[in-house]
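Structure first, then comments.
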Amino acid sequence: MPSWSTPLSVLERMDLKSALVTLLGVSIVMHLLNLFNMLRAKAYFPRMFPPFQPFGLPGVLLPTNSWFIGYQWHWVRRFQTYTRNDTVEIVPLILGGSNLWTSNVDVARQVAVGSHRSSWFKPREGSLALSYWGSNIIAADGQLWRKHRRIVGPAFSTDLYKLVWKQSQDNYNDMMQAEGWTGLESVDIPVIQNITIKFALLIICNCGFGLPSTWAAPTTDDGGMSMQTALQIVSVHHLSMIFLPKWFFYFPTKTFKQIRTARNLLVNFMQTQAAERKVDVTSGKPLQSDLFTKLVAANQEEEGKYTLSDDELIGNIFAFMFAGHETTAHTLAAALGLIALHQSTQDEVVQQIIDVIGCDRDPEYEDYNKLDKVLAIFYEAVRLYPAGHIMMREAAEDTILQVPNPIGQGGFTAVPIKKGTKLNVDMIGMQYNPRHFEDPAEFRPSRWYGLPTDSEAFTAFSVGTRACIGRRFATIEATCFLAMLLRDWRVKPLLSEGETTSEWRKRVLDGHIALTLAAHDIPLTLERRR
Ligand code: HEM
């Protein structure tokens with residue numbers, strides 16, 4: 001009788017070196033076969049052949065250039081990628097599978113909406129950075145996502161938005177006092193992000209989590225590092241946190257020590273706050289309606305359809321803490337940088353602020369809908385620097401995409417899509433697509449004047465049922481902050497010695513991608529208005 005060896009027993013008999021060489025050989029052959037099949041399949045879109053995919057380890061380590069596309073490629077090549085077609089296919093030659101990238105809103109609407117009838121879902125690798133802390137609403141899909149959304153949805157109410165407005169007003173006034181700017185005629189701010197990040201973090205801590213903190217006394221831990229610093233460190237180093245094993249961070253270098261401290265601080269903070277809120281929730285007192293209480297209450301529920309596990313509770317706290325401040329903060333910074341370069345637009349917007357609220361009172365929540373030019377500055381900054389720069393999706397079944405033909409040809413092509421196809425909605429490409437925006441590289445807030453505040457014509461918060469749940473939260477916070485700041489101060493670029501405005505623009509207003517897309521550090525001068 002012949003004895004058959006299983007692949008495992010064959011591997012067991014080999015020494016380690018031969019086993020590794022065999023495995024490598026098998027993976028190379030399989031990759032070549034895959035590549036061959038991909039190339040034989042009909043190409044509906046222009047193809048690009050980089051060595052690796054942009055979001056693998058090589059993509060993280062190497063910069064984007066003419067032959068290599070790293071993880072920032074969609075920002076770096078935003079003006080080149082989609083010149084022939086709004087959708088392209090990336091076929092990596094050495095490592096990784098092929099995937100589609102689209103800059104087209106109609107395609108985005110078909111794949112990103114997240115309805116239960118959709119043939120597309122959000123793959124796990126699309127949200128690895130956030131899942132690191134626990135399962136959460138941003139990373140989840142299908143039934144699980146519906147559960148998360150159902151639990152947190154009711155927190156996003158008019159009461160919350162009124163609170164966000166009031167808190168933004170108080171924060172601004174506190175900031176002026178605590179920074180000592182009240183009596184000054186002019187203030188130089190070397191990095192405006194230090195202000196906007198602190199501002200946005202205070203808002204999400206106070207309004208989303210009911211953690212009272214002020215400009216002078218923000219939420220900090222006892223160990224010296226502030227929450228703001230910890231969140232910034234985690235944001236910058238999130239890719240190494242995902243790709244490197246945990247033990248790696250015990251190497252005695254300054255950076256690894258900082259990452260460890262930041263990580264421990266955040267975990268500690270989330271666990272302590274959750275434990276304290278659990279005591280409130282189980283005490284029998286009437287529950288508050290804030291987001292954090294809703295999450296903790298769902299965690300304390302008896303096992304059921306709308307219960308959150310401990311892992312989901314911590315995952316959501318991080319997701320909201322992070323998505324709830326970093327996106328808004330970087331966009332506010334970009335908005336101020338852009339408005340500093342466009343003085344006549346600034347004057348036009350300030351005129352609206354004065355027409356609506358005058359000079360003797362703070363803006364009120366009821367003014368929000370009347371300050372459409374202020375909101376338009378924020379919208380235009382989100383469009384030019386879409387913080388949520390990519391939305392990854394995967395086909396759950398064989399399906400058809402209706403893809404608009406290139407500009408000038410008209411009509412749609414029905415493109416057959418195989419189950420497992422990966423499609424990335426390139427939010428940067430979409431916001432810079434000349435099909436959707438005239439002169440897309442230009443800062444032109446007037447595109448949005450008069451637009452209803454929840455209109456889906458503005459797409460940088462995504463569209464459909466899976467669109468950003470924090471959109472109104474962010475726009476209310478931003479409108480109040482910008483209205484107060486611009487009424488009091490003229491915003492100007494803070495130039496280095498001998499620097500021209502256009503040199504400043506080039507140095508400062510390029511973008512980079514950490515967890516979100518952001519402009520580089522922006523130096524500004526505030527000059528008191530008379
Ligand atoms: C300028 C500010 C913001 C931008 C540009 C932005 C952008 C986005 C985008 C594009 C998505 C869709 C992601 C995807 O489907 O893959 C999203 C989802 C989400 N955002 Fe935002 N966001 C902002 C502010 C906020 C704020 C302030 C919060 C919380 C208070 C927040 C919480 C969320 C959550 C929880 C989701 C997931 C929603 C779901 O899947 O049901 N975002 N955001």
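The analysis underlying the following values was restricted to heavy atoms, covering all of them including side chains, and did not include hydrogens, waters or symmetry mates. As the structure lists them, so they are numbered: ligands from 1, and atoms in each ligand from 1.
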Show the atoms of ligand 1 that are less than 4.0 angstrom away from any heavy atom in [X].
X: M391; answer: 12 (C), 13 (C), 14 (C), 15 (O), 16 (O)
X: W145; answer: 39 (C), 40 (O), 41 (O)
X: R149; answer: 38 (C), 39 (C), 41 (O)

Output yes when the distance from some N or O of ligand 1 to some N or O of [X] is under 3.5 Å, and no in every other case.
X: T328; result: no
X: T465; result: no
X: T331; result: no

Sequence-distant partners of H148, ring-ring contact (aromatic ring centres under 6.0 Å, His included), two or more places apart: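 Expected list: none.
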Salt bridge (charged side-chain N to carboxylate O under 4.0 Å, His left out): which pairs involve residues 385-394, sequence neighbours left out?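 Salt bridge (charged side-chain N to carboxylate O under 4.0 Å, His left out) check on residues 385-394 returns E394-K422.
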Within residues 145-155 or reaching into it, pairs that qualify as salt bridge (charged side-chain N to carboxylate O under 4.0 Å, His left out) - sequence neighbours excluded: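 Those involving residues 145-155 are K147-E312.
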Angle class for the F156/Y161 ring planes (parallel below 30°, perpendicular above 60°, tilted otherwise)?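 Because their plane-to-plane angle lies in the 30° to 60° range, the rings of F156 and Y161 count as tilted.
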Take the angle between the ring planes of W448 and F437 and call it parallel below 30°, perpendicular above 60°, tilted in between.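 Perpendicular, since the angle between the ring planes exceeds 60°.
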Taking R447 for its side chain and Y379 for its backbone only, find out whether a donor-acceptor pair lies under 3.5 Å.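 Side chain of R447 to backbone of Y379, a donor-acceptor pair under 3.5 Å: no, none is there.
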Keeping to distances under 2.8 Å, can you name the protein N/O/S atoms close to atom 21 (Fe) of ligand 1?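 Near atom 21 (Fe) of ligand 1, the protein supplies C468 SG.
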Lys/Arg N to Asp/Glu carboxylate O, D290 vs R277, below 4.0 Å: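 The answer is yes: the pair qualifies as a salt bridge.
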Looking at ligand 1, would G208 count as a contact under a 4.0 Å heavy-atom criterion?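 Contact check G208 vs ligand 1: negative.
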Would you check whether H325 reaches within less than 4.0 Å of ligand 1, judged by its heavy atoms?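 No, H325 has no heavy atom closer than 4.0 Å to ligand 1.
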